[in-house]
Structure formats: C-alpha cells, structure tokens
Amino acid sequence: MPAAMPATFIIFGASGDLTSRKLIPALYRLYHKKRLREGLRVVGFSRSPFTHESWREELAASTAAYVGEAFEPSVWNQFAASLFYHPGDIGDASAFDRLREFLEQIETAPAPRVYYLATAPKFYEPAVEHLARAGLAEETAAPRRVVVEKPFGVDLASARRLNRAIHRAFEERQVYRIDHYLGKETVQNLFVLRFANAIFEPIWNRNYIDHVQITVAEEVGVGKRAGYYDAAGVIRDMFQNHLLQLLMITAMEPPVRWEADSIRNEKVKVLQALRALAPADVAADTLRGQYRGYVEAEGVPSDSRTATFAAVKLSVDNWRWQGVPFYLRSGKRFSCRTTQIVIQFREPPYRLFNSGVNNQCEADRLVIQVQPAEGIQLHFQTKVPDAEMKLRQTDLSFNYRSEYGRPVPEAYERLLLDALEGDASLFARADEVEAAWKACDPILAAWQQHDAPPLLLYEPGYWGPDESAEWMRRQGREWFDTCPVLS
Ligand code: BG6
C-alpha cells in the first residue's frame, strides 16, 4: 500500500455525544493543523435520518461550540466537504452490505479504513460481527482497523467475551481499544521523563521511593450520566482504565523498543505483578464513598449505593517496587479538578539540621501534574535566607503552557491520528484490559458483601471522606491535597 493512500474513517454512533463533542472537533483540529493526510473521508453511520448536508450543518454548530477560536468557517467548509452520512441500524446485518456499497462508491481506490465504535457498548459485539460478515474486516486490498471505546466490558468475564467476539472478526493487531488518558500529552511525557532522562532511573525504585500517589480528582458530579454511571461506579469508570494506565506507565520497566508491543509487554507485566486482593485486604486496603447529594442527581435511585469515590492501596510485587505502596484514588465533586502522580521519596537517612517542631522535615517529592496545570514540580528542601539553619520546602517547576507557549492539544487528536496511521502504542491490548479487570473484580466483589467497607458520605468541595486522610495517617502518610495553580 502506498504510504499516502487517503483513508476512510467510519463512525458508528454518529449522532451521539462523543462524535459531536470529541471526534469531529479532534478531526477538525487535525485538519486545521494539516496533520491529516490529504483526501481523508469521514463517514457517519447511525439511525438518525440525516443527509450529508444536514449532518454537516449540525456538526458545524457543535464543532464551533467545542473548538472556540480555532473554528474558521472557511477551513470548516473545506473539511466538511469530506464528511458523509450513511443512515443505518447497527443491529441490522444487511445495513452493513449497504454500507460496504456506499464506501466503495466514495472511495476511488482501495483505501485503509478505521471503524470507530462510538456507540453504546451493547452494540460493540453486533457491530464487529456484522462488519466481518459483510466482508468489511478483510484486509485484502488495504488495512482495516477497529477502534473500541470504553467501557470495555463490566468485569473480567464480559471483557473476555468481548475480546473473543472481536477476535472472531479482527486480528488483535487491527484492534485499537481507546483510553483517552493515553492520548494526554502529559501522560506521554511520563514515558519521556522516565526513559529519555538518565537522572530519574537510578532513584525510581524501592531504595529511594517511599510510596506513590495517583489521584484523579474531579470537581464535577455525575451530571446527566446517571443512566451509565450508577451501574458503573468509580472503579469501573476510572480505576479499571485511567488510573491503572497511569500506574502501569509509572511502574513499568523500560521497553526494549518504542513500538506498540514492546511498550504493552512492559505495561501488562505491572498488572501481572499486582498483589491479588483477598476479601480481607479489600476491607483494609480500600475505601469507598459517595458525595452528599449524589442520590438527588437526575436519574439516580434514591437508595443508590454506588461509590463516586475510592481509594485503593496496591502492591506491585517485583524487584523494583517491593514494599512501595501505590495509593490510587479518584472521586467526583472534589475540591478541584486535578490529575496528579506524586512520587514521594524517602526521608534523608539522618537529620543533620534541626527543622523546628519535632524536627520534622518534609521529604522530597516529584509531582507530575497530568492536568489541568500540565507540568512537573520537584519539591525539595532549601535554606531560608538570613536566618539560622532554617529549612523550607520549595520547588523546581516545569509548566507546559509557559514553556511551550501554546495550549496542550486534546487527547483525541493524538489517538485518532495514531489509529489512522496504524500506531497502536497508545491503545490497550486484549491482555492488558483483561488484567486490569482481574485487578478490579475482587474489589467490586468484596464491596457487594455484607462485611464490605462502609460507603462513606463526603461533602462536595473537599478531598473526599475525612476517613481517607485518617486512613493515610494510620499508615504514616499523607495525601498531597493541593489544587494546581492555574496561571
Ligand atoms: C471518563 C469518565 O472516562 O473520564 C468520566 O467516564 C470522567 O466519568 C472522565 O469524568 C474524566 O476525563 P478527563 O479527561 O476530564 O479527566
């Protein structure tokens, strides 16, 4: 296949929220920045009765709202000329024969295709089955790829079932399971921080690190997503995917090559090394909470026991990380929106300086601000000037926006481009999602039992339940509860 062959990007679930909020704005921005290959076609497929024209008009309005100043009507009009709409029912196998005919009509020559499943998850299986039956998965003339959105199953058994269904239609190398956290610049920068610098590697282990905290805090609540969220809860919604992805990249060994399978081999080993949580461990090593007011949100049952907050202590049983706990937590309706990874170093072996009350001095830490104040800070001790040997922690700081002088791009831009170019490095492999479920299933199961940890109610606008701070204190540690400074 010649490298410059223009591709076709087919979106199932074209009238949905994800398409208008993320996919089309990302494709438009890529077009605007001239990152897309010339001649890309985007085909929307869903049941709504759009024409090409009416779909374009609808997307013009939503894209203008989502991309703000980057929306230029003249650029949009050029881009929109390559948007097509093909109505069809994803549950109807014959609709895929008609789709094939339509694609052959608009493609002047065999073209690589990316099928993007932006539908409700219950349609993933019928979609891949119908794609295969209609001959749309065959790679005789050009590559065929399928992108699968989250949630990928609701537990290990359903994820395995889905993987099997997908593998009946596509080979694993054709499958791109999306986790938008991997498309975030700062998450990719974590690879660079660890593997393009020599100074961090020698200290990135149990000899220097006391523990690691990974926090994904959100200011928003459940909003209008109760239909999905109340059945999912925070473990399925945030831990199985985003938090475990951050854990894998923080804890993995260097891949032998910068190439999809080398990277994913190392990532999955981290999950394989996670110590299995027995029911008694779940009681001691997890906390769950629900923000006050959750049950009043639209669509949430008044007796809902769904957790909107969780904190989990995990151990990675390998040489590098033996004895170093990884504390993962996520919650909605927190004090602020922040995703951060804190590498908490050990204290100096001997305290030479008297640093005030109880001679306490904070140990060094590296704070990786994933969002929204993208950057990295190294917190370390300094001498306060013009005083006796008084110490204070201060920091060396790198900030993306001030350093590079432009906004950090949306995660979907990178991921859509990679799917179009056939680079699966930032997508999850079958074994990876299954291993992630294997880590989460025992927590979900134990939380169903009568002796499960209590569901702690917490006030919106803080850092989760008070017990969470207490739980850390009992372990001689403290959460890094600091909102990022947005300048
Ligand atoms: C999604 C979850 O995957 O990630 C949402 O379903 C959550 O509940 C969102 O709000 C957070 O993404 P981001 O990029 O805003 O951190």
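Just follow the structure's listing: the first ligand is 1, and inside any ligand the first atom is 1.
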In the protein, which heavy atom is nearest to atom 16 (O) of ligand 1, and how far is it?
-> Tyr181 OH, 2.5 Å

Hey, which atoms in ligand 1 end up nearer than 4.0 Å to a heavy atom of Lys332?
-> 5 (C), 7 (C), 8 (O), 10 (O)

Enumerate the residue pairs fulfilling ring-ring contact (aromatic ring centres under 6.0 Å, His included) with a member in residues 434-457, sequence neighbours excluded, ordered by first and then second residue.
-> none

Side chains of Gln213 and Arg329: do they bring a donor and an acceptor to under 3.5 Å?
-> no

His180, any N or O under 3.5 Å of ligand 1 N or O | yes

Distance to 0.1 Å, residue and atom name: give those for the protein heavy atom nearest to atom 9 (C) of ligand 1.
-> Glu218 OE2, 4.0 Å

shortest atom 5 (C) of ligand 1-to-protein heavy-atom contact is with Arg225 NH1, 3.4 Å

Is it true that a side-chain atom of Glu149 and a backbone atom of Ala118 form a donor plus acceptor pair closer than 3.5 Å?
-> no

Distance filter under 4.0 Å to Lys150 heavy atoms, resulting ligand 1 atoms | 1 (C), 2 (C), 3 (O), 6 (O)

Of all the non-hydrogen atoms in the protein, which one sits nearest to atom 15 (O) of ligand 1, and at what distance?
-> Arg337 NH2, 3.3 Å

For ligand 1, is there an atom lying under 4.0 Å from some heavy atom of Asp237?
-> yes

Pair Glu413 + Lys33: basic N to acidic O under 4.0 Å = yes

Any donor and acceptor pair, going by atom type alone, linking the side chain of Asn265 with main-chain N or O of Asp261 inside 3.5 Å?
-> yes

Quick one: is the NZ or CZ of Arg56 closer than 6.0 Å to the six-membered ring centre of Phe84, and within 45° of its axis?
-> yes

Looking at atom 14 (O) of ligand 1, what's its closest protein heavy atom, distance included?
-> Lys184 NZ, 2.6 Å

According to the ring-ring contact (aromatic ring centres under 6.0 Å, His included) rule, which pairs have a member within residues 173-197, sequence neighbours left out?
-> Tyr176-Phe427, His180-His242, Tyr181-His242, Phe191-Trp258

Atom indices of ligand 1 within 4.0 angstrom of His242 heavy atoms, with elements | 1 (C), 3 (O), 4 (O)

